[in-house]
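So the structure is just underneath, and the comments pick up after that.
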There are 2 protein chains.
Amino acid sequence: MVTNEDKNNLVNLAYVALKRDITEGVYRPGDKLLMRSLKERYEIGSGPMREALSRLVSERLVTAISQRGFRVASMSIDELTDIYFARAHLEAMITELAVKLGDESWEASVIASAHTLSRVTQVHSAEDMLGLWDARHKAFHLAIAQGCGSPKLLELRLTMLDQAERYRQLWLRHTVFSADALEAKREEHRHLIEVLLSRDHAKARDLMFQHMTGPVTIISEVIAARDLAGDE
Amino acid sequence: MVTNEDKNNLVNLAYVALKRDITEGVYRPGDKLLMRSLKERYEIGSGPMREALSRLVSERLVTAISQRGFRVASMSIDELTDIYFARAHLEAMITELAVKLGDESWEASVIASAHTLSRVTQVHSAEDMLGLWDARHKAFHLAIAQGCGSPKLLELRLTMLDQAERYRQLWLRHTVFSADALEAKREEHRHLIEVLLSRDHAKARDLMFQHMTGPVTIISEVIAARDLAGDE
DNA sequence: TTTTTCAAAAATATCTACATTTTTAGGTAC
DNA sequence: GTACCTAAAAATGTAGATATTTTTGAAAAA
């Protein structure tokens with residue numbers, strides 16, 4: 001049987017669609033999410049719609065105030081800084097564990113995903129290229145993290161990745177569409193792999209921390225320029 | 001105005017009540033959560049009830065399978081080990097940051113909450129004593145963690161604490177009701193504070209890691225003895 | 001006899017339509 | 001401008017309709 005284990009219900013469809021709409025900016029930070037228009041857009045009743053919203057609340061992408069409905073969570077430089085601080089420390093810790101505990105097959109999968117990432121070229125349209133690079137970049141970092149061997153740590157890592165997603169999108173365009181920035185990332189990745197394979201866990205930890213905090217400056221500038229930081 | 005900001009709706013009441021029922025063992029690991037009986041017990045319709053369940057799913061206390069309803073999440077030695085492994089590493093990392101970044105008021109609040117904890121005595125009933133010690137013990141560790149200064153890291157910490165809660169309950173009775181175990185914990189806490197105040201972050205980190213992994217052995221034994229680990 | 005198959009019935013989960021409650025907006029008097 | 005009342009809009013909740021899964025029991029096969 002190849003059918004999906006579960007998740008074939010309207011709630012999940014609405015959840016996925018709304019999540020994408022929020023991270024892609026169809027709904028912007030601070031926007032009111034009116035039940036009437038959500039019902040129409042996602043073709044679903046209020047009950048299931050509330051359930052989908054409720055999930056996004058627990059992922060911090062939506063905020064809820066009792067009797068006053070739902071809003072897209074605001075964005076701010078403060079939150080950006082905190083998310084990336086937490087994420088960098090977490091990822092650095094996981095990397096240290098991976099270097100200490102990862103076996104040969106871990107090394108192999110890191111190298112394989114790095115190779116796959118390096119082969120993303122301009123053959124596709126710009127937008128496709130962006131999506132492909134993003135997916136493979138995520139896969140590369142996941143491969144590294146999986147060396148830690150702890151499902152719960154990987155889960156925590158994913159919740160932080162989700163929360164960073166809207167900020168990451170701002171950085172992504174800035175990086176992928178700049179030949180210089182892209183080459184700089186390539187070099188960082190090469191260096192990272194070298195240190196990982198050398199099994200120097202302290203150095204790997206520090207390097208990953210740096211790698212993760214790098215984007216903060218760029219993202220701050222974009223937020224300031226576009227005035228995405230909501231004034232509530 | 002001192003009224004609650006929000007959360008005065010049926011969904012939240014059912015959520016809180018069911019969460020307590022699960023962590024207190026009214027519903028046991030693996031139990032089917034029948035919509036009909038939940039509706040009756042919490043006096044609520046299926047829509048809101050689903051929403052409450054959905055929140056518990058995102059906290060990993062309940063599992064959902066599409067079209068087949070909800071169950072209390074199972075417990076296992078494997079999960080225990082992983083949760084405590086992840087939690088210990090996270091808490092150790094946060095402690096290291098707290099020692100590096102915490103200011104004088106942080107030191108003061110750590111000492112204050114340690115004092116409050118040390119004054120829990122047998123004047124109350126055994127069950128009250130358990131609850132009081134648990135609350136103050138949690139407050140003590142929270143005071144330490146808050147020194148890290150990152151709301152997101154504290155949030156991650158809380159999600160792990162929630163996931164550990166059912167396992168912690170097993171350890172709690174074992175510890176609070178044993179004079180020896182309680183005295184050992186007191187000694188660990190004294191030592192911990194000493195190291196925190198000495199600002200030796202590496203030592204503080206290691207000590208916190210140890211402090212967090214200690215309970216695993218005891219809890220494993222209790223699970224094995226009571227056969228709480230579901231055979232799925 | 002025991003096991004397997006299968007269809008109907010029962011139980012359960014999911015969703016919609018509508019009723020109720022609360023908040024927001026608009027207008028009027030002070 | 002502020003306070004207050006009323007009408008409209010919106011959120012929340014219930015009851016019941018629909019769809020899916022599980023159980024039951026009888027017939028067929030081993």
Side-chain angles (χ1 to χ4, degrees), chain A residues 1-19 21-22 27-28 30-58 61-74 230-232, chain B residues 1-19 21-22 27-28 30-74 230-232:
Chain A
M1 276 286 177
V2 205
T3 55
N4 315 22
E5 254 289 299
D6 45 15
K7 308 285 180 176
N8 277 352
N9 46 26
L10 294 193
V11 173
N12 200 58
L13 294 179
Y15 160 78
V16 171
L18 177 54
K19 184 170 180 174
D21 285 345
I22 290 175
Y27 292 111
R28 311 199 50 208
D31 277 4
K32 185 80 208 292
L33 293 168
L34 212 54
M35 190 53 77
R36 196 155 47 81
S37 61
L38 292 175
K39 281 166 67 174
E40 195 180 330
R41 183 176 176 94
Y42 303 109
E43 296 174 306
I44 198 178
S46 4
M49 192 67 235
R50 283 182 62 80
E51 211 181 311
L53 283 162
S54 169
R55 279 210 239 170
L56 290 166
V57 169
S58 74
L61 253 102
V62 167
T63 57
I65 300 178
S66 195
Q67 317 285 11
R68 293 191 202 173
F70 300 86
R71 286 181 173 278
V72 178
S74 63
D231 4 279
E232 302 143 67
Chain B
M1 274 287 172
V2 205
T3 54
N4 314 22
E5 255 289 299
D6 44 17
K7 310 284 182 178
N8 277 354
N9 45 27
L10 294 192
V11 172
N12 201 57
L13 294 180
Y15 161 77
V16 171
L18 177 53
K19 185 169 179 174
D21 285 345
I22 290 174
Y27 293 110
R28 311 197 53 208
D31 276 4
K32 185 80 206 295
L33 293 168
L34 211 53
M35 189 54 77
R36 195 155 46 81
S37 61
L38 293 175
K39 282 166 65 172
E40 194 180 332
R41 182 175 178 96
Y42 303 108
E43 295 173 308
I44 199 178
S46 359
M49 192 66 236
R50 283 183 63 81
E51 213 181 311
L53 283 161
S54 169
R55 280 210 238 168
L56 290 166
V57 169
S58 74
E59 294 178 18
R60 305 284 185 272
L61 250 98
V62 167
T63 58
I65 301 178
S66 195
Q67 315 287 9
R68 291 192 203 173
F70 300 85
R71 285 181 174 279
V72 178
S74 62
D231 9 276
E232 296 145 69

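Basis for what follows: all heavy atoms, side chains included, without hydrogens, waters or symmetry-related copies. Residue numbers begin at 1 in each chain, while the letters A, B, ... track the order of the sequences.
Here CG of A:Asp31 is found 11.5 Å from CG of A:Asp21. Values are rounded to the nearest 0.5 Å. Taking CD of A:Glu51 as the start and CG of A:Asn9 as the end, the distance is 7.5 Å to the nearest 0.5 Å. The distance from atom OG1 of B:Thr63 to atom CG of B:Leu33, rounded to the nearest 0.5 Å, is 8.0 Å. The CZ atom of A:Phe70 lies 4.5 Å from the CZ atom of A:Arg50; values are rounded to the nearest 0.5 Å.
Nearest heavy atoms, B:Met49 versus B:Ile44: SD-CG2, 3.7 Å.
The separation between A:Leu13 atom CG and C:dC15 atom C1' is 13 Å, rounded to whole Å. Summarising the geometry, the separation between CZ on B:Arg36 and C1' on C:dA10 is reported as 11 Å, rounded to the nearest angstrom. When the C1' atom of C:dT14 is taken as reference, atom CG of A:Asn12 falls 14 Å away, rounded to whole Å. What separates CE of B:Met49 from C1' of C:dA13 is a distance of 14 Å, to the nearest Å. Rounded to whole angstrom, the span from the CG atom of A:Leu38 across to the C1' atom of D:dA9 amounts to 15 Å.
Checked options A:Arg71, A:Lys32, A:Arg41; the residue passing with A:Tyr27 is A:Arg41 (criterion: side chain to side chain contact (heavy atoms under 4.5 Å, CB included)).
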Give me the distances for all protein-to-nucleotides 12-18 of chain D N/O pairs that come in under 3.5 Å?
{"unit_1": "D:dT12", "atom_1": "OP1", "unit_2": "A:Gln67", "atom_2": "N", "d": "2.6"}
{"unit_1": "D:dT12", "atom_1": "OP2", "unit_2": "A:Arg50", "atom_2": "NH1", "d": "2.2"}
{"unit_1": "D:dT12", "atom_1": "O5'", "unit_2": "A:Arg50", "atom_2": "NH1", "d": "3.4"}
{"unit_1": "D:dG13", "atom_1": "OP1", "unit_2": "B:Leu10", "atom_2": "N", "d": "2.7"}
{"unit_1": "D:dT14", "atom_1": "OP2", "unit_2": "B:Gly45", "atom_2": "N", "d": "3.0"}

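For C:dT24, the OP1/OP2 oxygens have no side-chain nitrogen or oxygen of A:Lys32 closer than 4.0 Å.
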